[in-house]
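Quick caveat, the model's predicted, so the values are computed rather than measured. Residues take their numbers from the sequence shown, with the count starting at 1.
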Amino acid sequence: MAREILNKKEFYQLVNDFDLTEKEKTVYWKELSNGFFSSFEELSKHYQSPVKKPIYRRTFQSRPYADDRYNAWYVKTKIEHAESGSLLGKKIAVKDNISIAGVPMSMGTKLLESYKPKEDATVISRLLDQGADILGKSVSENLFCSGSSPTKFKSCNSFFSPDHCHPTRCCE
């Protein structure tokens, strides 16, 4: 159940970095626990996904990276893959909303920063089966909800001017 994953006390500790009043924290928790969590719990009653063990060994490295001048990587991976296939030798990065078993998936929010999925998304399995080299996950918006970039907790710099952040982005 979702409430077992994150209780109110843990939630308050996670949002401690945010500039929220106690009232705002209470309202936010209430919305999550009455809306999001209850929807998740209802769905989980009707579907039990069998957890498939990943067949390819993998490791990951978290920030900071000396070679990431644009702050574009959320996590870097080294994942074994098929020795043949149509994608052999192709280097791929995926967004941080795609599950890679055992690799952190934050979806751009501190609330999920320590979450590690137990199984690969279908697209990951298919990429690896075709020999793709998945290099890691890129930085993403907070819950993928912002179009102008001010909400990510792991920001990235402008590709065209690495020393400059877009005016609406929060640079670290």
Side-chain angles (χ1 to χ4, degrees), residues 2 4-6 10 14-15 17-18 36 39-40 43-44 47-172:
E4 294 171 4
I5 295 170
L6 180 69
E10 292 168 330
L14 286 170
V15 297
D17 293 354
F18 298 99
F36 177 76
S39 297
F40 178 80
L43 283 173
S44 67
Y47 180 74
Q48 290 296 319
S49 174
V51 176
K52 297 174 239 154
K53 290 187 177 185
I55 59 173
Y56 301 106
R57 289 190 309 161
R58 70 236 11 235
T59 59
F60 69 89
Q61 177 191 2
S62 297
R63 283 181 168 209
Y65 313 109
D67 62 343
D68 186 19
R69 72 181 204 186
Y70 301 112
N71 293 319
W73 292 106
Y74 169 60
V75 64
K76 289 187 175 185
T77 59
K78 288 187 190 282
I79 305 174
E80 292 180 357
H81 50 75
E83 295 180 12
S84 63
S86 60
L87 297 174
L88 190 62
K90 302 293 182 191
K91 296 180 186 322
I92 305 219
V94 298
K95 290 300 281 183
D96 186 29
N97 64 342
I98 299 177
S99 295
I100 301 177
V103 175
M105 183 168 94
S106 73
M107 294 186 58
T109 178
K110 284 186 176 186
L111 294 175
L112 298 173
E113 191 172 23
S114 62
Y115 173 66
K116 292 179 188 163
K118 294 180 180 166
E119 64 182 297
D120 289 335
T122 301
V123 67
I124 297 298
S125 298
R126 290 180 179 176
L127 287 167
L128 294 171
D129 288 344
Q130 289 300 313
D133 186 8
I134 300 174
L135 301 178
K137 293 181 163 198
S138 59
V139 169
S140 56
E141 297 299 328
N142 185 4
L143 298 173
F144 287 80
C145 292
S146 174
S148 62
S149 303
T151 64
K152 61 181 79 158
F153 80 96
K154 302 283 187 185
S155 63
C156 58
N157 297 338
S158 168
F159 173 77
F160 298 105
S161 178
D163 297 328
H164 174 69
C165 259
H166 188 279
T168 62
R169 292 191 177 150
C170 305
C171 294
E172 294 178 304

Item to check | Any side-chain heavy-atom pair of Lys90 and Asp133 under 4.5 Å | outcome: no
Next on the checklist: What's the separation between atom OG1 in Thr77 and atom CD1 in Ile100, rounded to the nearest 0.5 Å?
Outcome noted: 5.5 Å
Next on the checklist: Working note: Tyr74 + Glu113, criterion side-chain contact (heavy atoms from CB on, under 4.5 Å); need CA distance, chi angles, decisive distance, verdict.
Outcome noted: CA-CA 10 Å; Tyr74 169 60; Glu113 191 172 23; 4.1 Å; yes
Checklist outcome for this item: NE2 (His81) and CG (Asp129) are apart, to the nearest 0.5 Å, by 11.5 Å
Next on the checklist: With a 4.5 Å cut-off on side-chain heavy atoms, are Asn71 and Val139 touching?
Outcome noted: no
Checklist entry - In Å and rounded to the nearest 0.5 Å, what is the CG to CZ distance from Asp120 to Arg58? => result 4.0 Å
Checklist entry - Considering only heavy atoms from C-beta outward, does the side chain of Asp96 approach that of Trp73 to under 4.5 Å? => result no
Item to check | Whether Gln130 side chain and Ser86 backbone form a donor-acceptor pair below 3.5 Å | outcome: yes
Checklist entry - Between CG of Leu127 and CD1 of Ile134, what distance do you get to the nearest 0.5 Å? => result 5.0 Å
Next on the checklist: If you compare all heavy atoms of Ser99 against all heavy atoms of Glu119, which two are closest, and at what distance to 0.1 Å?
Outcome noted: CB-O, 3.5 Å
Checklist entry - Where do Leu135 and Lys91 come nearest, in terms of heavy atoms and distance? => result CD1-CB, 3.7 Å
Next on the checklist: To the closest 0.5 Å, what do you measure between NZ (Lys76) and CD (Gln61)?
Outcome noted: 6.5 Å
Item to check | Val123 side chain near Val94 side chain, heavy-atom distance below 4.5 Å | outcome: no
Next on the checklist: Whether the side chain of Lys137 engages the backbone of Ile98 through a donor-acceptor N/O pair (distance < 3.5 Å, no angle test) should be reported.
Outcome noted: yes
